[in-house]
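Just so you know, ligand 1 is whichever comes first in the structure, and atom 1 is the first atom listed for that ligand.
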Amino acid sequence: MDKMKNDLPIAVFDSGLGGISVLRDLRALMPEENYLYFGDSVNAPYGVRSREEVRGLTIDAISRLYDRGIKAAVIACNTATSAAILPLRERFSDIPVIGMEPALKPAVLEHPHECVLVLATALTLREEKFSHLMEAYDTLAEVISLPCPELVEFVERGQLEGDAVDAYLNARLGPYRERADAAVLGCTHFPFLREAIRRALNDHTVLYDGGAGTARQTRRQLELWGLRREGGQSGTVRMENSLLDPEILSRSRMLLELK
Ligand code: DGL
């Protein structure tokens, strides 16, 4: 085991602040690791862009992080994963590159023949990766896909509750309020709006997100590659953003520490 190499940070990347929800799960599972979070808020939201644009932005961002020295990259964004995971793995083949997908599988398996909503960005929902997921699971339950791009913008502004959030969610989710047995939060920004989403749906609706599963997958990959950082002391977290505004960094810290 190469101790120096294992001390390098795990890069965690998102179009903006959403991936911080995954960083929280990573830290909860592996507090001894060092993390370098990079949010591309200048270019957020990614979910309304074309696949080519998102692919280009994601590869550029990961290239810059890679050149600084990282031991793994977590693409903490369903949209960027859908658009870029294969070229990323090809280009950075000497580190593990971990991606995400909407947690449709557990939602459907735990709610057979019931109604499962998938909330995600428009790009995630129209990409091939999601079509394959749907082919595998949509015969097992009634799956309804709902693009919710505005939710990304609420989180980017640090607006996690309030009348505007509730009005949007009531309009978007209201029609499914009585029917939805499960809802998949298929965008890493959405777990920050969990309470508001729950209010707009029903008390019995079970919410799923992919953060904890991605953290476990990252741990498995680090173990396979012999890259775990050992020795009980807790690691460091460095937060960066393409938006050079102190406000975005304090919002990032607030989201990271949120109870
Ligand atoms: N957080 C991202 C995701 O998981 C996308 C947000 C965006 O549209 O930029 O899909």
Side-chain angles (χ1 to χ4, degrees), residues 11-26 37-62 73-85 88 97-105 107 117-134 145-160 165 168-169 172 183-194 196-197 207-215 217-218 239-243 248 251-252 255-256 258:
V12 182
F13 169 75
D14 179 46
S15 62
L17 307 182
I20 297 168
S21 67
V22 181
L23 178 58
R24 289 161 57 104
D25 288 318
L26 286 161
Y37 184 86
F38 184 80
D40 186 16
S41 293
V42 164
N43 294 302
Y46 277 15
V48 294
R49 294 176 179 274
S50 71
R51 176 207 291 160
E52 287 65 35
E53 269 183 298
V54 170
R55 188 174 281 185
L57 290 167
T58 305
I59 292 176
D60 285 354
I62 300 299
V74 178
I75 312 305
C77 176
N78 295 264
T79 310
T81 300
S82 312
I85 195 71
L88 284 170
V97 179
I98 294 97
M100 304 199 59
E101 66 182 19
L104 183 60
K105 180 179 173 181
L117 299 182
V118 184
L119 318 183
T121 69
L123 182 59
T124 299
L125 296 174
R126 68 168 186 267
E127 274 302 300
E128 207 180 315
K129 198 169 192 301
F130 188 68
S131 309
H132 289 317
L133 254 187
M134 281 292 270
S145 305
L146 281 179
C148 302
E150 290 81 353
L151 293 185
V152 176
E153 315 254 19
F154 281 126
V155 175
E156 287 294 307
R157 291 195 293 268
Q159 225 176 321
L160 306 185
V165 174
Y168 175 78
L169 283 168
R172 200 80 187 103
V184 177
L185 309 184
C187 167
T188 54
H189 282 70
F190 300 173
F192 290 120
L193 296 166
R194 182 179 285 273
I197 291 171
L207 303 185
Y208 290 84
D209 77 70
T214 302
Q217 173 64 1
T218 303
M239 305 297 279
E240 295 184 6
N241 198 290
S242 56
L243 200 61
I248 201 89
R251 200 172 296 153
S252 300
L255 293 173
L256 185 63
L258 208 67

Applying salt bridge (Lys or Arg N to Asp or Glu O under 4.0 Å) as the test, list every pair that has at least one member in residues 147-157; sequence neighbours left out.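 Non-adjacent pairs meeting salt bridge (Lys or Arg N to Asp or Glu O under 4.0 Å): zero.
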Is the backbone N or O of Thr188 less than 3.5 Å from a side-chain atom of Ser21, with the two atoms forming a donor-acceptor pair by type?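 Flag set: sc Ser21 to bb Thr188 pair under 3.5 Å.
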Judged by atom type as modelled, is there a donor-acceptor pair below 3.5 Å linking the side chain of Asn78 to the main-chain atoms of Gly186?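 Between the backbone of Gly186 and the side chain of Asn78 there is a qualifying donor-acceptor contact (under 3.5 Å).
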Name each N or O atom in ligand 1 that is under 3.5 Å from a protein N or O, and give the partner atom and the distance.
from     : atom 1 : to     : atom 2 : distance (Å)
ligand 1 : 1 (N)  : Asp14  : OD1    : 3.0
ligand 1 : 1 (N)  : Thr188 : OG1    : 2.9
ligand 1 : 1 (N)  : His189 : ND1    : 2.8
ligand 1 : 4 (O)  : Asn78  : N      : 2.8
ligand 1 : 4 (O)  : Asn78  : ND2    : 3.1
ligand 1 : 4 (O)  : Thr188 : N      : 2.8
ligand 1 : 4 (O)  : Thr188 : OG1    : 3.3
ligand 1 : 8 (O)  : Tyr46  : N      : 3.2
ligand 1 : 8 (O)  : Gly47  : N      : 2.8
ligand 1 : 9 (O)  : Ser15  : OG     : 2.6
ligand 1 : 9 (O)  : Tyr46  : N      : 2.6
ligand 1 : 10 (O) : Asn78  : N      : 3.4
ligand 1 : 10 (O) : Thr79  : N      : 3.1
ligand 1 : 10 (O) : Thr79  : OG1    : 2.6

With sequence neighbours left out, write down each residue that passes side chain to side chain contact (heavy atoms under 4.5 Å, CB included) with Arg172, or none if nothing qualifies.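 Testing Arg172 for side chain to side chain contact (heavy atoms under 4.5 Å, CB included), a comparison that skips the adjacent residues, returns Leu146, Pro147, Cys148, Tyr168.
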With sequence neighbours excluded, what pairs up with Glu127 under the side chain to side chain donor-acceptor pair (under 3.5 Å) test?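 For Glu127 the side chain to side chain donor-acceptor pair (under 3.5 Å) partners, ignoring immediate neighbours, are Arg51.
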Over all heavy atoms of both residues, which pair between Val42 and Asn241 is shortest? Give the atoms and the distance, please.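 Nearest heavy atoms, Val42 then Asn241: N-OD1, 4.5 Å.
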